[in-house]
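Below you'll find the structure, written out as structure tokens, and then a few comments.
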Amino acid sequence: MLRLATWNVNSLKARLPRVEEWIEQMQPDVLCLQETKLADGAFPALTFQAMGYECAHHGQGQWNGVAILSRCGLADVRAGWDDGGEADLDARLLWATCGDLRVACAYVPNGRALDDDHYAYKLRWLERLRTALDDHEDPSALVAVCGDFNIAPDDRDVHDPAAFVGATHVSEAERAALTRLENWGLADVFRDHYDDGGLFSWWDYRRGDFHQGRGMRIDLVLTSASLTPKARTVLIDRNARKGKQPSDHAPVIVDLDLDLDR
DNA sequence: ATGGTCGTTGCACGA
């Protein structure tokens, strides 16, 4: 069994004690982190190495930053875009091969508001991710695209859809961009296991939203057709959102029926 | 009550 997880930690510097504790408890084999908010030189690689993980980090400091930790191999690392287009100033995308699994760690732009330039950047970014899949990846392989998508795939993934009319994360264009990614040959593996709404991965720090159940499911694991049926258990670890100094996101865990030997 | 909290950095802004 291979335990794959993804977690937006909202600053790895602020979150390192919680992340270390969580790794000890949950023992992921592959862990994708978003919003490390660290420069590459500040990434605590030795800490994770001491816990048995190889690491790749693509960071810029202050904002963004993505990492992949693996204790089942780490090869063919690629950071950002390789499409001949303009460089992305934001560190939001990292790829690695971990054993038999091709993994992407994505921190999709927030979008801010429908009329904001950042929203157009978000849609372009998602289209570029589809292009990266077309250009570099094999849809028949074992592929997992993990991360904070900043998109609630449907209204079950929002605590109050009426409150989000006209807002980012739920717009038709964002959801269509996600569908276009899925049309490459990926499935939202959480939805393969649960039909229920009200199961969220992010809650605003304000207003006691976590304890009031006001959240969204925006952290996703998209699995290729050969990988999807290998998922034995999918869960959002909302316990990680409790307690002192939590991230505003909870980790998503997928246990995959894959051999760890290579 | 048209805010509320965190993170960054540095007294503002992003999420």
Side-chain angles (χ1 to χ4, degrees), chain A residues 6-22 31-44 47 57-67 80 88-94 105-126 129 146-153 157-171 173-175 177-178 200-220 236-252:
Chain A
T6 181
W7 193 7
N8 180 323
V9 294
N10 185 19
S11 170
L12 187 55
K13 184 181 175 185
R15 215 65 60 209
L16 188 58
R18 293 286 306 244
V19 172
E20 286 184 76
E21 175 188 52
W22 188 83
L31 175 59
C32 296
L33 301 176
Q34 300 86 38
E35 280 206 271
T36 63
K37 298 185 177 177
L38 294 175
D40 287 333
F43 183 78
T47 300
H57 181 244
H58 177 44
Q60 64 186 89
Q62 186 173 5
W63 308 118
N64 309 310
V66 282
D88 198 335
L89 298 176
D90 291 357
R92 296 182 175 275
L93 181 64
L94 188 62
C105 177
Y107 175 44
V108 176
N110 176 286
R112 298 177 189 165
L114 300 192
D115 60 355
D116 196 297
D117 286 346
H118 203 259
Y119 178 78
Y121 167 61
K122 180 181 195 173
L123 295 179
R124 282 198 310 274
W125 200 96
L126 288 160
L129 182 55
C146 311
D148 175 1
F149 284 76
N150 275 312
I151 299 170
D157 302 312
V158 183
H159 71 88
D160 180 7
F164 281 82
V165 172
T168 182
H169 294 61
V170 301
S171 73
E174 287 162 273
R175 286 173 169 171
L178 179 61
F200 304 134
S201 66
W202 172 85
W203 301 260
D204 199 305
Y205 284 122
R206 295 171 286 187
R207 298 162 304 205
D209 275 9
F210 177 66
H211 292 103
Q212 298 294 327
R214 292 187 291 256
M216 301 179 96
R217 190 176 69 89
I218 57 178
D219 298 273
L220 311 177
I236 300 172
D237 181 15
R238 64 190 301 286
N239 284 328
R241 182 63 175 78
K242 301 175 183 174
K244 283 184 150 182
Q245 294 183 287
S247 170
D248 46 356
H249 295 252
V252 181

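In what follows, chains carry the letters A, B, and so on, assigned in the order in which the sequence lines appear, proteins first and then strands, with residues in each chain numbered from 1.
Side-chain contact of A:Trp125 with A:Asp88: a donor-acceptor pair under 3.5 Å is present, judged by distance alone.
Side chains of A:Thr168 and A:Asp116 form no contact here, defined as non-hydrogen atoms less than 4.5 Å apart. A 4.5 Å side-chain heavy-atom check between A:Val108 and A:Lys122 finds at least one atom pair inside the cut-off. A:Arg217 has its side chain out of reach of A:Val252: every pair of non-hydrogen atoms, C-beta onward, lies at least 4.5 Å apart. Between A:Tyr205 and A:Asn10, some side-chain heavy-atom pair lies under the 4.5 Å cut-off.
For the C1' atom pair drawn from B:dG3 and B:dT9, the interatomic distance equals 23 Å after rounding to whole Å. Taking atom P on both B:dT2 and B:dG7, the two are 25 Å apart, rounded to the nearest angstrom.
Summarising the geometry, the separation between NE2 on A:His118 and C1' on B:dA15 is reported as 10 Å, rounded to the nearest angstrom. In this structure, A:Phe164 atom CZ and B:dA15 atom P are separated by 16 Å, rounded to whole Å. Look at CZ on A:Arg241: it is 12 Å from C1' on B:dA15, rounded to the nearest Å. One can place OH of A:Tyr121 at 14 Å from P of B:dG14, the figure rounded to the nearest angstrom. We find that CD of A:Gln34 is positioned 14 Å from C1' of B:dA15, with the value rounded to whole Å.
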Extract from the structure each pairing of a protein N or O with an N or O of nucleotides 9-13 of chain B at less than 3.5 Å, listing the distance.
none

Report all interatomic pairs (protein N or O, nucleotide N or O of nucleotides 2-6 of chain B) with separations under 3.5 Å.
none

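The CD atom of A:Glu174 sits 8.0 Å away from the CG atom of A:Leu126 when rounded to the nearest 0.5 Å.
Looking at heavy-atom distances under 4.0 Å, A:Asp248 makes no contact with the nucleic acid at all.
Mapping A:His249 and A:Lys37 onto DNA chain B via the closest heavy atom, the residue that lands nearer the 5' end is A:Lys37.
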